Every structure is written in structure tokens, then in C-alpha cells.
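A short write-up of the structure that comes next.
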2 protein chains.
Amino acid sequence: MTRLRDVAERAGVSVSVVSRVLSEDPSLRVRDDTRARVLEAVRDLGYTQNHAGRALRLRWSGAVALLVPDMNNAIFAEVSRGVEAAAAEADLVTLLGRSEWLDPENGRAARLCQQGRVDGLIVQLRDEERSPEILDLLPPGVPAVLINWHQHRGISSVAVDDEEAGRLATAFLLELGHREIGLVGGFAQTSTARARETGYRKALADAGVTRREAWTTRLGYTPEAGRAAFARLIDTPPLPTAVVVSNVNAAAGVLAAARDAAISVPEQLSVVTVHDTWIADHTNPALTAVRVPTYELGAESARTLTRVMHGERKQHVLVDDPPPLLVPRGTHAPGPHA
Amino acid sequence: MTRLRDVAERAGVSVSVVSRVLSEDPSLRVRDDTRARVLEAVRDLGYTQNHAGRALRLRWSGAVALLVPDMNNAIFAEVSRGVEAAAAEADLVTLLGRSEWLDPENGRAARLCQQGRVDGLIVQLRDEERSPEILDLLPPGVPAVLINWHQHRGISSVAVDDEEAGRLATAFLLELGHREIGLVGGFAQTSTARARETGYRKALADAGVTRREAWTTRLGYTPEAGRAAFARLIDTPPLPTAVVVSNVNAAAGVLAAARDAAISVPEQLSVVTVHDTWIADHTNPALTAVRVPTYELGAESARTLTRVMHGERKQHVLVDDPPPLLVPRGTHAPGPHA
DNA sequence: CTGAAAGCGCTTACAG
DNA sequence: CTGAAAGCGCTTACAG
């Protein structure tokens with residue numbers, strides 16, 4: 001490996017000059033031919049800065065960690081693409097980690113920060129997590145941003161417009177002539193589940209339609225949760241004519257359970273889901289979905305984190321560009337009041 | 001942040017002792033009470049080693065980069081879980097990157113290595129990649145392992161038993177009474193596509209069934225490729241009674257195209273795919289699939305990389321535990337020769 | 001059994 | 001316009 005010193009020797013200058021030329025220090029005055037000699041030596045030797053030396057001196061790692069419950073989930077995979085791209089834009093490298101690293105019994109997240117391996121954290125909590133309080137266990141002063149969470153006091157957060165997504169899905173079904181509309185929701189303690197449910201309720205209220213509590217379930221965002229939610233609906237007749245599902249993975253479960261129960265979608269039950277991952281286009285029938293800007297959510301979370309790392313105070317960002325968009329496919333049909 | 005020096009002062013010893021106690025240097029003799037004092041000081045101060053200092057001194061970063069074409073693909077997501085877990089086991093942190101970083105125009109992968117930010121690379125090439133030659137552009141001596149590739153000369157590789165997966169899928173259809181069996185394959189230049197096709201051909205040959213070239217397509221591993229492959233099949237009648245699909249994402253495309261063409265699966269066409277990601281369980285009908293150990297592939301690639309980093313010479317690993325397993329679901333039916 | 005010292009590669013006041 | 005020197009936090013021969 002070639003060091004700064006090797007470059008300096010070849011160019012016949014001191015290491016200070018080389019370092020300053022390379023960092024493009026604006027306060028630096030050098031003769032043009034000196035600078036040229038330095039650059040030439042850098043090129044000839046194929047010099048690259050050693051990261052550890054730089055990090056040690058600058059007390060900064062140039063890395064952030066992205067903590068997700070499960071990369072094997074199209075939503076988080078999409079978020080991670082956005083994080084990675086925006087982080088790279090800011091010359092930050094992204095470390096891949098799991099939400100469980102935050103657990104005190106695990107401690108990996110705290111260690112990573114204390115060791116100075118990462119300068120900040122982007123966190124997606126597991127849905128079954130009690131609450132964002134888990135972040136209070138990190139060493140104080142660690143820059144962190146929570147994604148898919150709205151407005152938690154101590155910490156920055158970035159989320160999409162989940163309320164609007166819930167509202168849009170519901171309004172679409174109302175316009176189609178449905179009035180008996182259920183909600184297959186996420187866990188009540190998660191911020192996104194509450195927001196999507198609020199949107200659903202508001203849309204019903206705006207249309208003067210009364211909500212039936214038995215048609216609302218809050219079992220989570222997995223295919224299994226979707227199956228369980230469907231089972232519960234079918235156990236407490238009458239069945240609604242349509243459901244809003246808060247998550248596309250759960251929606252896939254609803255579809256599978258409906259098929260098993262010989263309830264045909266969309267003839268007997270319309271389904272509109274939040275989140276338009278590619279799975280939505282590959283169920284049968286293909287899912288009518290509300291697309292939310294997942295990639296942008298990831299990108300914005302990385303940008304927010306860099307701001308926090310640069311000392312800006314905590315902030316709550318709502319990513320609403322592009323806004324939630326209804327993508328009609330095959331799981332909706334006109335309702336009885338059309 | 002507390003430094004080694006702070007611990008040393010509090011314990012009333014020199015930094016050397018603290019460092020050696022912490023690294024559990026076996027050649028070290030210390031009095032038990034000295035060691036106890038050191039450990040107590042570490043605990044009291046909440047000391048953690050600074051990573052940059054350590055990395056600079058040891059000339060080692062403790063990180064590996066995983067380069068994949070697209071995290072938004074259940075197969076790579078599963079692989080990444082395995083990589084991350086096995087890397088963590090070896091006290092290595094995993095950096096998330098994209099295969100395009102290898103491109104000379106991009107250069108990020110080379111830079112990461114030269115900077116000493118990562119000690120090695122785990123690479124999944126894009127399918128449209130010309131060949132593994134792209135790795136020759138890395139700085140010489142960079143430890144790297146190619147995943148989902150069999151036996152490339154210059155570089156270590158780890159793969160699953162793709163030939164057996166192809167054979168198993170085909171044999172299953174033959175036993176069901178099919179003899180007109182097509183192959184929806186991957187690009188011919190990829191190692192996995194060739195291996196799966198070899199397995200398919202051998203199974204046919206073993207059963208004394210003649211292969212029809214028009215029933216073999218090699219368009220890739222995406223849903224779009226699956227759709228295109230199906231279109232081609234239907235354009236050149238007769239249709240086979242069954243197809244082996246080399247990839248689950250392509251299989252989802254085949255199913256969607258069959259639906260659009262009103263060809264019913266499995267009544268008119270049986271489909272068996274390689275790769276059992278969760279999507280296989282959520283198409284309609286659910287896909288009969290050959291499960292290959294994707295997570296283990298990731299884990300083994302991290303282990304192989306650590307071996308290479310420790311100086312072992314290049315190796316080609318076949319991950320065959322657990323072996324490919326046929327998971328029967330809803331896309332197969334008895335064939336005309338049953 | 002323990003400590004003083006060199007050095008990993010870098011940046012940045014400071015001096016000239 | 002350029003250089004000598006200190007120091008970021010660590011490990012490890014070497015000395016005693």
C-alpha cells in the first residue's frame with residue numbers, strides 16, 4: 001500500500017502539502033507546478049487515502065447503520081435501496097444490521113456506535129416492539145432516525161403519509177359503491193397502523209358511513225396476520241363487501257385465506273392494500289394498491305440523519321412527494337351501492 | 001469518549017497492561033488483583049475500544065462488503081441474512097453494496113478495498129454481466145468470493161447444487177407422467193442457468209425422453225423474462241404439458257402470463273420452479289418449488305471469505321446441506337402418461 | 001509481573 | 001508558498 005509519505009517523496013514535497021492538495025483545502029496556497037507534481041505522483045502511485053488513519057484523526061467513521069427487522073421483506077428492501085443511494089451521495093457507507101441489535105441483551109448497536117464504527121443509526125423497529133423507548137438505551141448523543149414512525153418526542157423520525165394512504169384506499173372503495181368496509185390493520189401500538197386506521201375512519205366519517213368494530217382487526221403486517229384476520233372476519237358474519245388492508249404482505253395472506261375459504265375476490269370481497277411492492281403485481285388476482293414512496297422514505301431518512309449528525313436538532317419529516325397513489329388492478333369491483 | 005489511557009490511570013497501571021488484559025493475550029502474566037483492577041476500571045468507565053485506532057494499528061477493518069444486483073429480490077435478501085449472520089459470528093460487520101460498484105466507471109468497490117474500509121468482498125454478479133472477469137479489475141490480492149457461480153478459475157466461489165435442483169424438478173414431472181417438458185431457463189452465460197439446464201437434460205436423458213429445443217428458452221430470472229418465455233412457448237405450438245422454471249421470480253411471470261392467455265395451471269400446464277422464497281407460497285395457485293439452501297449459501301460464503309482472508313488459497317464450495325428439496329404445492333398435476 | 005516507547009497513516013495548527 | 005511536529009487511540013516488541 002502506498003502512503004501519503006510515498007507520494008510526498010516522489011513529488012519532492014512534504015506530506016502536509018500532499019494532504020492539503022488532496023483535501024482541496026481552500027485556504028491553501030501552492031504553486032501550480034507543485035500541485036501538478038503532487039497530482040502526478042498520486043496518479044503514478046495509484047494512491048488512495050487510508051481510511052483508518054483518516055477516521056482516527058477526524059473522529060468520524062463515514063458509515064451509518066441501517067437496522068431492519070427483516071431484509072426478506074420487499075418493503076424494507078426498497079427502503080434500503082433509498083438509504084444506500086442517499087448515503088452514498090453524502091459519502092457515507094451503509095452497514096446492514098438487524099433491529100434486534102438494539103436489544104440490551106444483544107448490544108451490538110450500542111457497541112458499533114461507541115467503537116466509532118458508525119456515525120449514526122437508521123432504525124426500523126419490529127412491529128411487536130413495545131415502543132421507541134428502546135432507543136433511549138443507546139449511548140447518549142448517538143444520532144439516530146426512526147423510519148416509519150410519526151412524531152416520537154426524543155428522536156428524529158421520517159415516515160410517509162400513512163393517514164392519507166388509508167384514507168385514499170377507503171375513499172376509493174366508497175366511490176365504488178361499498179359501504180360495508182373492514183380494516184385489516186397492523187398492531188395498534190405502531191405508529192403507521194394508527195395513522196392508516198385514522199385515514200380509514202376519516203374517510204368513512206366523511207362519507208357518513210358507520211364503522212363496525214367487528215370488521216376491524218389489528219393483527220400485524222405479515223401474511224400469517226392477513227390469514228388470521230380473514231379467519232376472524234369470516235367467523236363473525238356478515239362479511240363486509242370490501243376490506244382495506246394496511247400492508248401488502250398481509251394482503252397476500254388475505255388473498256390466500258379467501259381462496260382457501262372459496263370466497264372469490266373481487267366478486268364477493270374487494271381488497272385494496274397499502275404498499276405497492278412487486279408482489280402486488282404477482283398475486284392472482286393482482287392487488288389493487290396504494291403506492292407510497294418507500295424508496296424516497298429511505299433516501300430521506302439518510303438525508304435527515306446526515307443533518308442530525310451535522311448538529312441540527314431532531315426533526316420529524318413526512319415524505320409526501322410523490323403523494324400516495326392508487327394503482328387499480330384486479331382486486332376491486334363495484335359495491336352494492338354503486 | 002473514554003480511552004485506554006483513562007482506564008489505565010484509574011486502574012493505576014500502564015496502557016500496555018490494559019490493552020493486553022482486554023485482548024486476552026495468552027502470553028501475558030499479570031497478578032490477579034491487577035487484572036481485577038483493570039476489569040473494574042473498564043466497567044466503571046464503560047470503556048469500548050476505539051475501532052479506528054485498532055484498525056490503523058492492526059491494518060484490518062473487520063468489515064466485508066456484500067455486493068448484490070438488487071436487494072429487492074427475495075433470493076438475495078435471504079442470502080444477505082446468511083452472510084450477515086455468519087460474518088457477525090466471525091466479528092465481521094457487513095457493508096451493503098450493489099454489484100455495479102465493480103464497474104470500472106464506478107470504481108466504488110476498488111476504492112473501498114484500497115482505502116482499507118473492507119477486508120474482502122462477497123459478490124453476486126448481475127445476470128446480464130458478461131462474466132466474472134470483472135473481478136480481475138479489482139486491486140490484486142483483494143480477497144473475494146463469488147456466490148451463485150461454479151468454478152471460475154481465478155477466484156473462490158460458492159454455489160448450491162443447481163444441477164441437482166434442475167434434475168429434481170424435472171424428475172418430479174416425469175414421475176407425474178409428463179414427457180413434454182419445457183425449460184424456462186436463465187441466461188446461457190450464467191453458471192447457475194447452465195447447471196440447472198444440465199440437470200434438466202440429464203433427467204430427460206435418464207428417462208429416455210427426447211428434448212425439444214423449441215421448448216427451451218433462456219431469457220433470464222425476472223418476472224418479465226418469465227412472461228416473455230411463456231409468450232414464446234405459446235407462439236410455437238404445441239405447448240408442452242409441463243415446464244421447469246429456473247427461478248421463482250420468472251415462475252411468477254409465467255403464471256401471470258398463463259393467466260392472461262387463459263391457460264390454466266396446473267390443468268393445462270404444470271409448473272415446477274427452482275427456489276422456494278415466500279412468494280412461491282403466495283401466488284395463485286401456489287408454486288410447486290425446489291427449495292435450495294439460500295440462507296446457508298450466504299452463510300457459507302462469509303465463512304469461505306474469512307478463510308480466504310486468513311490466507312487459505314482459493315476454493316470452490318458446493319453448499320449441499322440441506323440438499324435440494326421438492327416442495328409440492330398447487331402448480332403440478334398428473335401428465336398424459338401417468 | 002509491568003512500563004516506556006515506537007509507530008500504524010492521517011490532518012492541521014503553527015512557524016517561517 | 002512550504003515544512004516540521006504533534007497527536008488521534010491503539011498494539012506490541014523490548015527492556016527491566
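Fair warning: this is a prediction, and the values are worked out from it, not measured in the lab. To find a chain, count down the sequence lines: A is the first, B the second, and so on, and within it residues start at 1.
Note on Arg307(A) versus Glu300(A): salt bridge recorded, some NZ/NE/NH1/NH2 to OD/OE distance being below 4.0 Å. The existence of a salt bridge linking Arg303(A) and Glu296(A) is confirmed by a sub-4.0 Å separation between a basic side-chain nitrogen and an acidic carboxylate oxygen.
Across Thr304(A) and Val317(A), no two heavy atoms sit closer than the pair OG1-CG2, 3.7 Å. Residues Thr306(A) and Ala90(A) share a closest heavy-atom pair of CG2-CB, 4.0 Å. Residue Gln124(B) comes nearest to Ser99(B) through the heavy atom pair O-OG, 2.7 Å, listed as atom of the first residue, atom of the second, then distance.
With sequence neighbours excluded, no residue satisfies side-chain contact (heavy atoms from CB on, under 4.5 Å) with Arg313(B). For Leu95(B), the side-chain contact (heavy atoms from CB on, under 4.5 Å) partners two or more places apart in sequence, or in a different chain, are Val93(A), Leu95(A), Ala65(B), Leu112(B), Val118(B). Judged as a side-chain contact (heavy atoms from CB on, under 4.5 Å), and not counting sequence neighbours, the contacts of Leu125(A) are Leu102(A), Val123(A), Glu129(A), Pro132(A), Ile134(A), Leu146(A), Trp149(A).
Annotation: of the two residues near DNA chain C, Val15(B) and Arg35(B), the 5′-most nearest-nucleotide partner is Arg35(B).
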Nucleotides 7-10 of chain D: which of its N/O atoms have a protein N/O under 3.5 Å away?
unit_1  : atom_1 : unit_2   : atom_2 : d
dG7(D)  : N2     : Arg57(A) : NH1    : 3.3
dC8(D)  : O3'    : Arg59(A) : NH2    : 2.8
dC8(D)  : O2     : Arg57(A) : N      : 3.4
dG9(D)  : OP1    : Arg59(A) : NH2    : 2.6
dG9(D)  : OP2    : Arg3(B)  : NE     : 3.3
dG9(D)  : N2     : Gly53(B) : O      : 3.1
dC10(D) : OP1    : Tyr47(B) : OH     : 2.3
dC10(D) : OP1    : Asn50(B) : N      : 2.9
dC10(D) : OP2    : Leu4(B)  : N      : 2.6

N/O-N/O pairs, protein side and nucleotides 13-16 of chain D side, under 3.5 Å:
unit_1  : atom_1 : unit_2   : atom_2 : d
dA13(D) : N6     : Arg20(B) : NH1    : 3.2

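With the 3.5 Å cutoff on both pairing distances, Watson-Crick and G-U pairs in DNA chain D assemble into runs of at least 3 at C:1-3 with D:14-16, C:5-12 with D:5-12, C:14-16 with D:1-3.
A donor-acceptor distance shorter than 3.5 angstrom exists from the side chain of Thr294(B) to the backbone of Val292(B), with no hydrogens or angles considered. Between the side chain of Asn106(A) and the main chain of Arg108(A), a donor-acceptor pair closer than 3.5 Å is present.
Within the nucleic acid shown, Thr34(A) comes within 4.0 Å of sugar-phosphate atoms alone, with no base atom in reach, counting heavy atoms only.
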